[in-house]
Amino acid sequence: MTLLKPKLSREVADAVASGGPVVALESTIITHGMPYPANLETALGVEAVIRENGAVPATIAVINGELRVGLERHELDELAQAKNVVKASGRDIAVAMVKKQSAGTTVSATMLLADLAGIDIFATGGVGGVHRGAEQTFDISADLTELGRTKTAVVCAGVKSILDIAKTLEYLETQRVPVIAYGTEDFPAFFTRESGYKADHRLDTPEEIAQAMHLHHKLGTGTGLMIANPIPESAALTHEFIDGTIADAVREADEKGIGRKELTPFLLARINELSNGESLKANIELVKNNARLAAQMAVAYAAMKK
Ligand code: PSU
């Protein structure tokens with residue numbers, strides 16, 4: 001069966017066709033991850049960082065049922081302010097198309113669409129994972145199973161400490177996804193640089209990571225890669241500051257019975273309130289930092305493929 005081809009912007013289509021460096025970006029972070037106008041400023045800022053580092057940004061979303069890779073400025077504006085936008089993981093895309101809905105794409109949906117568009121590198125903030133208490137709730141993000149079947153390299157700041165990090169790493173091992181930490185031994189925990197758990201591998205340059213990606217695909221593994229890039233020192237929060245806040249938000253969600261796809265947006269918003277905006281500031285900086293690394297990887301990867 002021929003697979004669907006999303007609609008690429010002219011700039012992205014040209015870059016993909018010529019084998020140039022392209023970095024995919026998700027849109028759930030815009031529609032559900034941050035409040036307006038910080039979400040719009042971040043989306044534009046992240047695209048700018050990618051350009052400054054020599055690559056073409058390709059923000060991915062579903063707009064009125066159409067699969068889109070590379071958005072216009074007015075479309076970013078609209079997505080950032082839209083009220084009833086769907087949060088779509090990979091499994092939700094087909095229905096959003098049938099209903100002609102607009103949707104913010106999560107990591108899993110963005111990986112899927114990036115792959116259909118021929119883009120191998122994708123930058124986000126934090127990947128979804130195994131939620132705390134998953135032994136009762138079974139709440140495990142589809143981001144992890146997508147990483148096990150789609151060959152995109154996802155650059156993230158680790159996974160949020162709203163999750164069970166040890167179980168998330170176990171699950172990635174089961175899914176055959178290499179976890180590569182950039183310039184550190186420790187697996188980062190989104191707002192903080194260390195989680196106390198070691199990543200599988202450490203690589204120290206974007207070129208080495210691009211090479212590892214290239215070889216991983218050449219081996220026919222068929223899986224994605226997780227590139228874990230710690231939040232910059234200057235923007236990092238301390239465990240003392242944020243861990244209690246995270247625990248309070250998780251408890252509140254539990255009491256209110258919030259689960260499934262509402263859980264992560266609820267926790268991010270609540271942690272932002274409880275930390276007086278400090279967590280949002282950190283989130284913005286870590287996404288830009290990931291965009292920088294992803295662009296550098298894309299430049300090295302494009303040179304390698306030629
Ligand atoms: N990174 C951020 N903010 C976010 C997300 C990532 O800095 O909001 C989103 C991604 O789209 C990711 C989703 O796929 O959170 C995880 O949601 P869930 O845990 O429901 O799978």
Side-chain angles (χ1 to χ4, degrees), residues 24-36 38-43 45-46 59-62 79-80 85-93 103-114 122-134 137-148 150 152 154-165 167-168 171-172 188-192 224 226-231 235 237 242 246 249-250 253 258-272 275 279-291 294:
L25 296 164
E26 60 145 309
S27 47
T28 290
I29 197 166
I30 304 172
T31 56
H32 292 76
M34 290 182 188
Y36 180 80
N39 57 353
L40 177 62
E41 285 158 20
T42 305
V46 165
T59 301
I60 295 184
V62 183
L79 265 191
V85 193
V86 180
K87 172 181 166 186
S89 59
R91 66 175 193 155
D92 305 311
I93 298 174
T105 51
T106 65
V107 169
S108 76
T110 307
M111 286 178 73
L112 182 78
L113 296 178
F122 159 32
T124 181
V127 167
V130 180
H131 276 276
R132 295 183 188 182
T137 62
F138 256 63
D139 191 342
I140 299 174
S141 172
D143 293 353
L144 301 185
T145 42
E146 198 64 48
L147 274 160
T150 300
T152 317
V154 182
V155 182
C156 62
V159 297
K160 302 173 200 81
S161 31
I162 57 175
L163 300 165
D164 185 323
I165 293 179
K167 286 196 183 67
T168 301
Y171 200 82
L172 286 165
F190 199 71
F191 298 128
T192 50
M226 181 187 277
I227 315 303
N229 184 25
I231 180 171
L237 304 179
I242 201 70
I246 292 172
V250 170
I258 293 167
R260 304 189 64 186
K261 67 201 304 189
E262 279 78 41
L263 183 56
T264 297
F266 172 84
L267 291 176
L268 286 177
R270 197 64 190 119
I271 292 167
N272 184 32
S275 71
S279 67
L280 179 59
K281 273 195 234 158
N283 199 343
I284 293 169
E285 290 310 312
L286 67 85
V287 180
K288 289 187 179 162
N289 190 47
N290 295 340

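Indexing begins at 1, ligand by ligand and atom by atom, following the structure's order. Along the sequence shown, the residues carry numbers beginning at 1.
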Note to self: Is the shortest side-chain heavy-atom distance between Val127 and Val154 below 4.5 Å?
What the structure shows: yes
Check: In the protein, which heavy atom is nearest to atom 2 (C) of ligand 1, and how far is it?
Finding: Ile29 CD1, 3.5 Å
Next item on the list: Please identify which atoms of ligand 1 are closer than 4.0 Å to at least one heavy atom of Thr106.
Entry: 11 (O), 14 (O)
Margin query: Quick test: of every protein heavy atom, which one is nearest to atom 15 (O) of ligand 1, and how far off is it to 0.1 Å?
Written below: Thr264 CG2, 3.8 Å
Note to self: Side chain or backbone, does Gly126 bring an N or O within less than 3.5 Å of an N or O on ligand 1?
What the structure shows: yes
Notebook entry, point to check: Does Asn283 reach ligand 1 with a nitrogen or oxygen that is under 3.5 Å from one of the ligand's nitrogen or oxygen atoms?
Noted result: yes
Checklist line | Heavy-atom pair of closest approach, residues Ala235 and Glu285 | finding: CB-CB, 3.6 Å
Notebook entry, point to check: Does a donor on one side chain and an acceptor on the other come within less than 3.5 Å for Ser108 and Thr106?
Noted result: yes
Notebook entry, point to check: Would you say Lys87 has any N or O atom under 3.5 Å from an N or O of ligand 1, going by distance alone?
Noted result: yes
Next item on the list: Provide the number and element of each atom of ligand 1 under 4.0 Å from a heavy atom of Phe190.
Entry: 7 (O)
Check: Atom CE in Met34, atom OG in Ser279: separation rounded to 0.5 Å?
Finding: 9.5 Å
Notebook entry, point to check: Do Glu26 and Thr105 have a side chain donor and acceptor closer than 3.5 Å?
Noted result: no
Item checked: Residue pair Thr124 / Leu25, side-chain heavy-atom distance below 4.5 Å -> no
Note to self: Tell me whether Lys261 is salt-bridged to Asp92, with the criterion being a basic N under 4.0 Å from an acidic carboxylate O.
What the structure shows: yes
Check: Looking at ligand 1, does any of its N/O atoms fall within less than 3.5 Å of an N/O of Val107?
Finding: yes
Next item on the list: Just jot down the ligand 1 atoms closer than 4.0 angstrom to any heavy atom of Leu268, in number order.
Entry: 3 (N), 4 (C), 8 (O)
Note to self: So, regarding Lys261 and ligand 1 (criterion: nitrogen or oxygen to nitrogen or oxygen, under 3.5 Å), is there a contact or not?
What the structure shows: no
Next item on the list: For Leu286 and Phe190, work out which heavy atoms get closest and say how close.
Entry: CD2-O, 3.5 Å
Check: Glu26 to ligand 1: N or O pair under 3.5 Å?
Finding: yes
Checklist line | His32 N/O to ligand 1 N/O under 3.5 Å | finding: no
Note to self: With heavy-atom distances below 4.5 Å as the criterion, would you say the side chains of Leu112 and Glu146 are in contact?
What the structure shows: yes
Next item on the list: Please state which part of Thr124 comes within less than 4.0 Å of ligand 1, counting heavy atoms only: side chain, backbone, both or neither.
Entry: side chain
Notebook entry, point to check: Within the structure, does Ser141 bring an N/O atom to less than 3.5 angstrom of an N/O atom in ligand 1?
Noted result: yes
Checklist line | Atoms in ligand 1 with a heavy atom of Gly33 nearer than 4.0 Å | finding: 8 (O)
Notebook entry, point to check: Less than 4.5 Å apart, any side-chain heavy atom of Asn272 and any of Pro35?
Noted result: yes
Note to self: Show me which atoms of ligand 1 lie under 4.0 Å from any heavy atom of Asp143.
What the structure shows: 12 (C), 14 (O), 16 (C)
Note to self: Tell me whether His131 reaches ligand 1 (any heavy atom closer than 4.0 angstrom to a ligand atom).
What the structure shows: yes
Notebook entry, point to check: Can you tell which of Val155, Val107, Leu113 makes a side-chain contact (heavy atoms from CB on, under 4.5 Å) with Phe122?
Noted result: Val107
